[in-house]
Amino acid sequence: MSEKTVTRFAPSPTGYLHVGGARTALFNWLYAKKTGGIFILRIEDTDLSRNTPTAMQQVMADLKWLGIDWDEGPGVEGPNGPYLQSQRRDIYDKYLKQLLEEKKAYYCFDTPEEVQVLRDKAAAEKKNFTYPRPENFPDESDAEKAKAQGKPVTVRFAVPNDKPIVVNDIVRGEVTFAASEIGDFVIQKRDGFPTYHFACVVDDELMGVTHVIRGQEHLMNTPGHQVLQAALGFRTPVYAHMSVTVSEGGGKLSKRERGKRLRREIIDNPSAYLLDAIKTEPEQFERFLDDNATPKDSSLINKWAEELGVDSTIIATAAAKNGGGNRSLRNEMINKSEAALAHKIGSTPSEVKKFKEGKVAFDEPIIIGEAEYLDLDLPEINVVDFLRGGYLPETMVNFLALLGWSPGGDREIMSRDELISSFDISRLAKSNSLFDRKKLISFNVEHLKLVDKEKLLSHFKDYIKIIDSPVLKADDALLSTLIKICEGARTLEDIEKKSRFFFSDSDNIEYDPKAVKKVLLKEGALDILHVIRGKLADMEPFTEEALEAMLRALAEEKEVGLGKVAQPLRVAISGTMVSPPIFDSVKILGKENTLARIDNTIEKFKS
RNA sequence: GGCCCCAUCGUCUAGGUAGGCCUAGGACACCGGGUUUUCAACCCGGCAACAGGGGUUCGAAUCCCCUUGGGGCUACCA
């Protein structure tokens, strides 16, 4: 009788779901779907200090967005629950007791510092560190005594060191480990919670997990898990250790990257977030700059100058000066700026200071808030970043699946169903791969074309909701039209950006300075606008066809390219040089708004 | 440092488990050209790789070894 396959994804709720985790989840899900098995979501929340309250909800939301659903897990429940490890303490305790009684595990009372000393010593001797197992295991009363004395009490598993341990891995083949390499590892922490190794082994057994597909970073843990399974009389599931997804920097794609990047930015560039503080203390501004490390980047200098309404030479001059006195003023300003930043992101000045010093890690929402405040693009690491970036879940699933897996041949763009039917666990790649955002975009372009109309509409609605766009004002029919005329967009963000201007106040258009300079202020542009205005006013009916005929005729009459007449009109109605096709745009905007915007534009820029 | 894993165009990869069908295929990026009312999209063309060195073999991208390079683990995190 063939056993039903059971796979699982077991994230720890420490933050949003990142792409590496999503990929792991996807492969497990794909394999379960392919084989008609079941996919379990298990939350590994055995480290209280690292858990963040919203993380589990967010991880589940992200999985759902990707279309990865679970047959058992939080919100679904099933025969093997509960699915939060923090709610399974009694189960782990039972097995722990068994191990202790069978003398397969033992109590330890050292502090982490004491163990660290041993570790350092081993490193100094160029030796592999393994925990020195005592000859006689402490008994229950010793543990009680130690506890009474306030010593930490942990439990270690006594790894049998008689024979090498062979891991039979689907992607790597046979990997052999010397038993002496695997030290007695901790299975119960001092707070009474099991460690990952123990909880994972117990749960995989009890939940009937048949296949464990996980990152290569777990390969070294596997021999330990296997000996634990043997000691407990458990099965050993089939293992498949996938390659790791690395980031441009080289190392493993990590969620910590964002925090690091942010911290570096704040430290390297303190002035960037001094803006608010500076604005409130203009008279101290120049003095402050004397003592502050300002960036060498001239574009930033110009930006500040513009925002502060001062001449850029003031900043440039200040930037050229180095050091100087005024330390107390500087500190005062820094304090003010930290307060400003903290206020902006809903944190406290002391937290900001600690973050800068690397003492605390901010929650993702705070990191996002800070990044927005600083106008900083953080590396996209989390699944939500891609949702916010206007990517389709279909794109993400397809792209992630192809990182470290391939159906063979030339196939690349695939639907979810095609992915499932062609998925083959034996085709997992051994080597690491890089997450290439450029290629992701091209996948998105393809899926934008492939996804059916209704689905795309619903994706777009989700998107404008999450970024709280003015486009929210449109009804479904208008939304569909907008999507249609933005054909060729690379992301939902493209569509949204091109569509915004339809929903702004005609008497209050924001003009992009570059567009003004390049188009509106050009010789004759305003005159042409004037002519267009006249023709538009009389146009009846007001259709794309009529608009096109009119503009083309005008271009011909003036003996210029269509661009010469279309561009001024585009800037007049949108304030920018980029919009959907001009005929559609004008039609959608309507005669009244178009005329108003042309009038306002001429009024504003006539010399 | 120790242990483990990996190695085809800049990137993702096909081919490798049955060595000759590979003068190494596709996709993205890039470069050149075309289309064009903007941005995109689109069309055509081009550049570009078996890390190095030894073996085994009539024959190696494919098998073995070494070197080099990259990655992972080395927690009372998962």
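Values reported hereafter were calculated over all heavy atoms of this structure, with side chains retained and with hydrogens, waters and symmetry mates removed. Worth saying up front: this structure is predicted, and the values here are computed from it rather than measured. First the proteins, then the strands, lettered A, B, ... as listed; each starts at 1.
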For nucleotides B:U11 and B:C22, find the distance between their P atoms and express it as a whole number of Å. 25 Å
NZ (A:K189) with more than 12 external heavy atoms under 6.0 Å: yes
Got a sec: does the NZ of A:K564 have more than 12 other heavy atoms crowding it under 6.0 Å? no
Rounded to the nearest Å, what distance is computed from the [atom1] atom of residue [X] to the [atom2] atom of nucleotide [N]?
{"X": "A:I413", "N": "B:G26", "atom1": "CD1", "atom2": "C1'", "value": "12 Å"}
{"X": "A:K126", "N": "B:G2", "atom1": "NZ", "atom2": "P", "value": "7 Å"}
{"X": "A:K438", "N": "B:C28", "atom1": "NZ", "atom2": "C1'", "value": "9 Å"}
{"X": "A:L400", "N": "B:C28", "atom1": "CG", "atom2": "P", "value": "19 Å"}
{"X": "A:D184", "N": "B:A75", "atom1": "CG", "atom2": "C1'", "value": "15 Å"}
{"X": "A:F443", "N": "B:G26", "atom1": "CZ", "atom2": "P", "value": "16 Å"}
{"X": "A:R88", "N": "B:A78", "atom1": "CZ", "atom2": "C1'", "value": "17 Å"}
{"X": "A:F198", "N": "B:C77", "atom1": "CZ", "atom2": "C1'", "value": "18 Å"}

Can you find a side-chain donor-acceptor pair between [X] and [Y] that sits under 3.5 Å?
{"X": "A:S86", "Y": "A:D45", "answer": "yes"}
{"X": "A:R214", "Y": "A:T222", "answer": "yes"}
{"X": "A:Y511", "Y": "A:T601", "answer": "yes"}
{"X": "A:E217", "Y": "A:H241", "answer": "no"}
{"X": "A:S243", "Y": "A:Q216", "answer": "no"}

Counting only side-chain nitrogens and oxygens, does [X] get under 4.0 Å of the OP1 or OP2 atom of [N]?
{"X": "A:R411", "N": "B:G26", "result": "no"}
{"X": "A:K564", "N": "B:U38", "result": "no"}
{"X": "A:K449", "N": "B:C42", "result": "yes"}
{"X": "A:T111", "N": "B:C76", "result": "no"}
{"X": "A:R50", "N": "B:A78", "result": "no"}

Below 4.5 Å, heavy atoms only, C-beta onward: do A:L536 and A:R533 meet side chain to side chain? no
Does a side-chain heavy-atom distance below 4.5 Å link A:F109 with A:T154?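 They are not in contact (no side-chain heavy atoms under 4.5 Å apart), so the answer is no.
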Going 5' to 3' along nucleotides 4-20 of chain B, which nucleotides have protein heavy atoms under 4.0 Å from the base (write B), which only from the sugar-phosphate (write S), and which from neither (write -)? SBSS---SBSSS-----
Should the pair A:F423 and A:W405 be assigned to parallel (<30°), tilted (30 to 60°) or perpendicular (>60°) ring geometry? tilted
Name the orientation class of the two ring planes belonging to A:F443 and A:F399 (parallel below 30°, tilted from 30 to 60°, perpendicular beyond 60°).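 Correct class here is perpendicular.
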Under 4.0 Å from any atom of RNA chain B, heavy atoms only: list the residues of residues 576-589 of chain A that qualify, in numerical order. A:M577, A:V578, A:S579, A:P580, A:P581, A:I582, A:F583
Go through residues 554-562 of chain A and report each residue with a non-hydrogen atom lying under 4.0 Å from RNA chain B, sorted by number.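 Residues of residues 554-562 of chain A under 4.0 Å from RNA chain B: A:L562.
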Need one value for [X]: base, sugar-phosphate or nothing, where a base atom within 4.0 Å counts as base even if backbone is also close, heavy atoms only.
{"X": "A:H197", "value": "base"}
{"X": "A:R490", "value": "sugar-phosphate"}
{"X": "A:N221", "value": "base"}
{"X": "A:E113", "value": "nothing"}
{"X": "A:R119", "value": "sugar-phosphate"}
{"X": "A:D110", "value": "base"}

Could you tell me which nucleotide pairs with [N] by Watson-Crick or G-U wobble geometry, both distances under 3.5 Å, or answer none if nothing does?
{"N": "B:G1", "answer": "B:U74"}
{"N": "B:C39", "answer": "none"}
{"N": "B:A60", "answer": "none"}
{"N": "B:A7", "answer": "B:U68"}

Could you tell me whether A:R156 sits above the aromatic face of A:F185, with NZ or CZ closer than 6.0 angstrom to the six-membered ring centre and within 45 degrees of the axis? no
Can you tell me whether the side chain of A:K498 and the base of B:C39 have a donor-acceptor pair closer than 3.5 Å?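 When only heavy-atom distances are counted, A:K498 does reach the base of B:C39 through a donor-acceptor pair under 3.5 Å.
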Heavy-atom pair with the smallest gap, counting every atom of A:M414 and A:H447: O-NE2, 3.4 Å
